[in-house]
Amino acid sequence: MEVCACTEEVEVLVFGSVIVDFVAYAERLPKAGETLHGHKFMTGYGGKGANQCVAAARQGAKTAMIAKVRLGDDSWGSNYLQQLRKENVNVDFVEQCQGEATGIAQISVADSGENHIIIVVGANNLLSGNDVEKARNLFKTAKILVCQFETPLNATLDALNAFEGISILNAAPALVATPPELIKAATIFCVNETEAALTTGCEAISKLEHAKVGLHKLLEMGAKNVIITLGALGAVYATSADPHKFIHVPVGKVPKVVDTTGAGDAFIGALAYNMARFSSLPWHQLIGAANQVAAYSVQHPGTQASFPTGQVNKGVEYAWKEF
Ligand code: RIB
């Protein structure tokens with residue numbers, strides 16, 4: 001078996017998805033059975049895993065990605081590899097395989113910035129526990145591991161269990177029945193408001209009081225630390241070490257939301273970078289910095305295309321409160 005000889009220090013290791021985004025922009029999202037005229041189309045580099053990795057790399061983190069794309073007759077895989085190299089991501093463990101197409105996403109974005117996404121993950125389904133074993137040196141030395149739910153769950157569990165540093169599980173797309181061992185295995189369990197409602201079975205989260213129920217339920221389900229991102233409301237946090245304390249970190253008003261696609265990934269990438277580089281920062285500072293990067297992203301079109309290079313609002317003291 002091929003084993004990682006990589007010794008370069010990696011701060012943020014992403015075990016996750018690589019997907020090519022096909023994005024159509026229209027005035028509004030279509031209803032079921034409706035055909036709409038759009039006003040713009042573009043392809044982009046996406047997939048929650050790669051997005052989070054690129055967001056961390058653009059912040060300044062040394063990153064590596066473990067993922068699968070198609071070999072050969074589908075040029076998307078080779079193009080994506082080249083793109084990740086341009087973003088300074090270590091791709092020693094991004095494997096080009098036969099048998100499955102490179103993952104694709106069909107995305108519709110409305111003028112309000114809202115989106116609908118359907119993914120067909122293809123080659124991402126080939127990621128397995130063997131890939132964890134092959135990259136075991138990286139699993140021993142990286143500071144932060146980031147995983148999502150666009151790759152097989154058993155492989156994700158193997159990755160989380162093999163990792164010795166801080167792990168962030170972005171449980172997206174959300175599952176109605178998330179295996180409890182996955183929730184328990186991660187240091188930080190992070191979801192958006194829709195995903196929190198689906199994961200917990202709680203009512204839709206539209207205000208802070210609902211978010212408190214979601215945080216509480218996720219702690220009960222075994223999470224060690226929980227972050228729920230709330231779009232324009234910022235994000236909330238709770239920890240099993242102090243389960244009755246709920247923290248809200250708001251985000252400033254954004255002048256115009258253009259495209260929300262990938263904003264959650266920008267948040268996770270920035271969180272991973274800040275945790276790797278500034279591990280002694282309090283939670284509200286880590287979350288506040290990640291909020292800023294997500295807020296930047298929603299004001300620009302595209303997924304990775306919308307992520308900032310370098311920190312946003314460096315050195316700012318972020319407001320927070322218990323709720
Ligand atoms: O979070 C946004 C991402 O979700 C898109 O890039 C798409 O590829 C899907 O994975």
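In what follows, every heavy atom counts, from backbone to side chain, and hydrogens, waters and symmetry copies are set aside. Positions are given from 1, in the same order as the sequence printed here. Whatever order the structure lists ligands and atoms in, that order sets their numbers, starting from 1.
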Which atoms of ligand 1 have any heavy atom of [X] under 4.0 Å away?
{"X": "Thr303", "answer": "6 (O)"}
{"X": "Ala105", "answer": "7 (C), 8 (O)"}
{"X": "Ile19", "answer": "8 (O), 10 (O)"}
{"X": "Gly46", "answer": "6 (O), 8 (O)"}

Mind checking whether Phe139 and Phe163 have parallel, tilted or perpendicular rings, split at 30° and 60°? perpendicular

What is the ring orientation for Trp283 with Tyr237, classed by angle as parallel under 30°, tilted 30 to 60°, or perpendicular over 60°? parallel

May I ask whether Gly47 places a heavy atom under 4.0 Å from ligand 1? yes

Identify the closest protein heavy atom to [atom]: which residue and atom is it, and at what distance?
{"atom": "atom 10 (O) of ligand 1", "result": "Glu150 OE2, 2.6 Å"}
{"atom": "atom 6 (O) of ligand 1", "result": "Asp21 OD2, 2.7 Å"}
{"atom": "atom 3 (C) of ligand 1", "result": "Asn51 ND2, 3.6 Å"}
{"atom": "atom 4 (O) of ligand 1", "result": "Lys48 NZ, 3.1 Å"}

Okay, side chain of Asn291, backbone of Val249: is any donor-acceptor separation there less than 3.5 Å? yes

Does Asn124 use its side chain to pair, donor to acceptor, with the backbone of Val121 at less than 3.5 Å? yes

Among Ile119, Ile268, Asp265, the residue with a heavy atom nearest to atom 2 (C) of ligand 1 is Asp265

Between Phe93 and Lys134, is there a cation-pi geometry (under 6.0 Å to ring centre, at most 45° from the normal)? no

Salt bridge or not between Lys62 and Glu11? Use side-chain N to carboxylate O under 4.0 Å. no

Between Phe41 and Tyr25, ring centroids under 6.0 Å: no

